[in-house]
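The chains referred to below are lettered A, B, ... by the order of the sequence lines, with proteins before strands, and numbering in each begins at 1.
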There are 2 protein chains.
Amino acid sequence: MARNAIYAQSGGVTSVINATACAVIKTSRNHPHAFSSLYAARNGIVGILREELYDTGKEPSQAIDQLRHLPGGVFGSCRFKLGPPEGDDPNARRLFEVLQAHDIGTLFYNGGGDSQDTCSKVSELSRRFDYPVQCIGIPKTVDNDLSQTDTCPGFGSVAKYVAVSTKEAALDVQSMCETSTKVFILEVMGRHTGWIAAAGGLAGNGPREPPHIILFPEIAFDRRTFLRQVVRTVKQVGYCVIVASEGTRDAEGAFLAEAGTKDAFGHVQLGGVGTTIARMVSDELGFKHHVAVADYLQRSARHISSQTDLEQAYAVGEAAVNAAVAGESGVMVSIKRLNDEPYRWETATTSIKRVANVERNVPRSFITNNGFGITARARRYLSPLIQGEAYPPYRNGLPLYRGLLNSLVPKKLPAYGEL
Amino acid sequence: MARNAIYAQSGGVTSVINATACAVIKTSRNHPHAFSSLYAARNGIVGILREELYDTGKEPSQAIDQLRHLPGGVFGSCRFKLGPPEGDDPNARRLFEVLQAHDIGTLFYNGGGDSQDTCSKVSELSRRFDYPVQCIGIPKTVDNDLSQTDTCPGFGSVAKYVAVSTKEAALDVQSMCETSTKVFILEVMGRHTGWIAAAGGLAGNGPREPPHIILFPEIAFDRRTFLRQVVRTVKQVGYCVIVASEGTRDAEGAFLAEAGTKDAFGHVQLGGVGTTIARMVSDELGFKHHVAVADYLQRSARHISSQTDLEQAYAVGEAAVNAAVAGESGVMVSIKRLNDEPYRWETATTSIKRVANVERNVPRSFITNNGFGITARARRYLSPLIQGEAYPPYRNGLPLYRGLLNSLVPKKLPAYGEL
């Protein structure tokens, strides 16, 4: 008799991660001999440790279908690191106790870089503990920084959101710039890589069109050069629109952002690039400015998701189940680009060791010489990812976002006090 | 032979003000004997003073039609105050020199509270200078604070944007709150009135649903009461979503926002409520928090405009021309609500003296007893305004936003150096 499977969401959620969940569940239902039961972990791996597993089999198919439209993570997610596999992490032992108690033979781990690392560790621990469990990583991240995959589900929608928002806000600023606000800064996500900021560049076609300046973590920020570019732009076109990545940093590597707390993965929690830049512009140039901080709005904006992104988010979930059925393990599902125009792609699998903890920066060839814009090469890469508008259904003026029953499986183990 | 008319946009622009422009132009074209030429002022009244007038007659009808989809102010806008009519303002004299030189018999002034005040002044100056010009005010403001009109074009779309964004971001926060961010703050516009913040309340159905706390300028902010409510909410539901108006202030009337520069109308330029609240939450409660500042994104978001708002924006432009044709003057076009459910409304006109400089606050009956939410009465008022999704056309993943030729009329007067 087939064993059971767990699907877990991990790391920051996106507007389309639930489409991946939808695909994993529906595709499993189409392979009834693959797994006896498919569970979903409540809040990701923390849920597995707490033995908090949802039985997805209890959900009506209509509810599962509607997951395509739902932003956020329907099962909950977390940022949680396992210790090194060769160490003696009680969480690792507990994890396998739970997997064994529920006869889990397959783990689908849907997350970004840190999550693929976790998936890789579980794969190693499986060998160390001599407990067979297929580990299948499913890519997801708004940051688009997973290696070995053309793009990451979640990114195309944020890219669309940022490009659309930049285009719209710029028209607003342009209307009023003669007597009012001259400089507008849109602060976007991107802890270490500038993919999201780069996407803002799709709103225009060069340095005279908004966004006039993009700030990338990959390019050492120089105050003087930046301010000169702002002045030049305002002289030429009357106003200046800047898309600034939260991870923008100077030549010494110091983040421009002012906050400095850390999140559970040890990453510096950023915030404040927009304010820092605005202060520079105000103090040194005296220009009236406005700052928008997109924050969670950019990654939850299912109301304007990219149809391409939605399709890819679904496809990787489907491919993950197919890979499991085919007996693969220690792999991450990837997206392989076959052609730029027209955009053609397919799913594949790649060794998870190659992916884990390798961050993919925006290539220098995607950024203009002066460091403030994107090149034609970047556009060729980015543009297909924002095609198509995946509007959710509405009722009474608001999107119809429905959750699940999320019915917990009865526990078999004592409570876990270590968390 | 008929005289000429000018249409001017004034104050902060919205995602639908160009639909009003579209209506004024199209309706004028349907009454060819009403005006010889219809000009549009470049950057509003500042353009009239500089004698920078666009000839709308040169625009192809397809380009005019597409104005319905275009955010920002296609002719440009400004914040500019005329001196008191009984005074000796050189700008007032220059204004009438320009009006006279171009045989302007009708002025359509499309703006918010300060703009209706300007329109009212021009009406008085018309009498004082003995130069007949019909002054027709057309309402517009995201703040929804014009009196004598049920609602203001521009507001319904911001309301929709804020409600949708709140709903989506809340799902994101809810997914991760157990191990990550517990408090999310969305900072929205609203210098003196809480209409936009109130609209965020449509995202949920009570204090246990996001937004759990709304901060209104109309309610004196009390730090202790607020923090207690945050703690109570996090205890009950695990997280807390706050929609905070930029105009939130304490019992002494001091704005929570930290910035304090002034704009051209003498209003304090606000910014920073989100950061101030976040700091409180962090310092006193130790909760991990995130802040989004919608800024210009909320008022330029034509990608998710309210269909109801779009129709009203068009209707007031049409009604303005009809009022002019009927010989009215010194009036503002208004929207009159006939019924809540189903929502029925019509346009009317109201004396501009009754409107000018009267700010309409959110009524106390729209706010819950504890000051943190909206009542059923508020929902009955707000809900119809966000109905329907007015999506713009797209191309290559981005909205298709097209401008105009904006062809300047030859000048007749010497340059004006006073500005």
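With a 4.5 angstrom heavy-atom cutoff, B:Phe75 does not touch chain A via any of its atoms. For chain A, the nearby parts of B:Gln387 are the backbone and the side chain; heavy atoms of each come within less than 4.5 Å. Contact of B:Asn396 with chain A is made through backbone and side chain together, with heavy-atom distances under 4.5 Å. Contact annotation for B:Leu70: only side-chain heavy atoms (C-beta onward) come within less than 4.5 Å of a heavy atom of chain A. In this structure, no portion of B:Tyr343 lies under 4.5 Å from any heavy atom of chain A. Using a 4.5 Å cut-off between heavy atoms, B:Leu186 contacts chain A through its side chain alone, with no backbone atom that close. Looking at B:Val46, only its side chain comes within 4.5 Å of chain A, counting heavy atoms on both sides.
The line from CG of A:Asn43 to OG of B:Ser180 is 10.5 Å long, rounded to the nearest 0.5 Å. Rounding to the nearest 0.5 Å gives a distance of 10.0 Å between CD of B:Gln298 and CG of A:Asp172.
Across all their heavy atoms, B:Val164 and A:Gly397 have their closest contact at CG2-O, 4.4 Å. Pairing each heavy atom of A:Leu398 with each of B:Ala203, the nearest pair is CD1-CA, 4.2 Å. Pairing each heavy atom of A:Gly73 with each of B:Ser175, the nearest pair is N-OG, 2.7 Å. For the pair B:Met176 and A:Val13, the tightest heavy-atom approach, listed with the atom from each and the gap, is SD-N, 3.7 Å. Taking each heavy atom of A:Arg302 and B:Glu168 in turn, the nearest pair found is N-OE2, 3.2 Å. Nearest heavy atoms, A:Asp295 versus B:His290: OD1-ND1, 2.7 Å.
Taking chain B as the reference chain and counting heavy-atom pairs below 4.5 Å, the highest number among A:Ala169, A:Pro71, A:Ser77 is found for A:Ser77. Options B:Leu385, B:Val293, B:Leu202, B:Thr308 differ in how many heavy-atom pairs under 4.5 Å they form with chain A, and the most are formed by B:Val293. Residue with the most contacts toward chain A among B:Ala294, B:Ala301, B:Gly388, B:Gly44: B:Ala301 (heavy-atom pairs, distance under 4.5 Å). When each of B:Gln9, B:Arg395, B:Arg42, B:Gln307 is checked for heavy-atom pairs under 4.5 Å with chain A, B:Arg42 comes out on top.
A heavy-atom distance below 4.5 Å is found between the side chains of B:Tyr161 and A:Leu297. Under the 4.5 Å side-chain criterion, counting only non-hydrogen atoms from C-beta, A:Glu389 is not in contact with B:His303. Between B:Tyr401 and A:Leu171, some side-chain heavy-atom pair lies under the 4.5 Å cut-off.
The aromatic rings of B:Tyr391 and A:Tyr394 sit perpendicular, their planes meeting at an angle over 60°, well past the 30° parallel limit.
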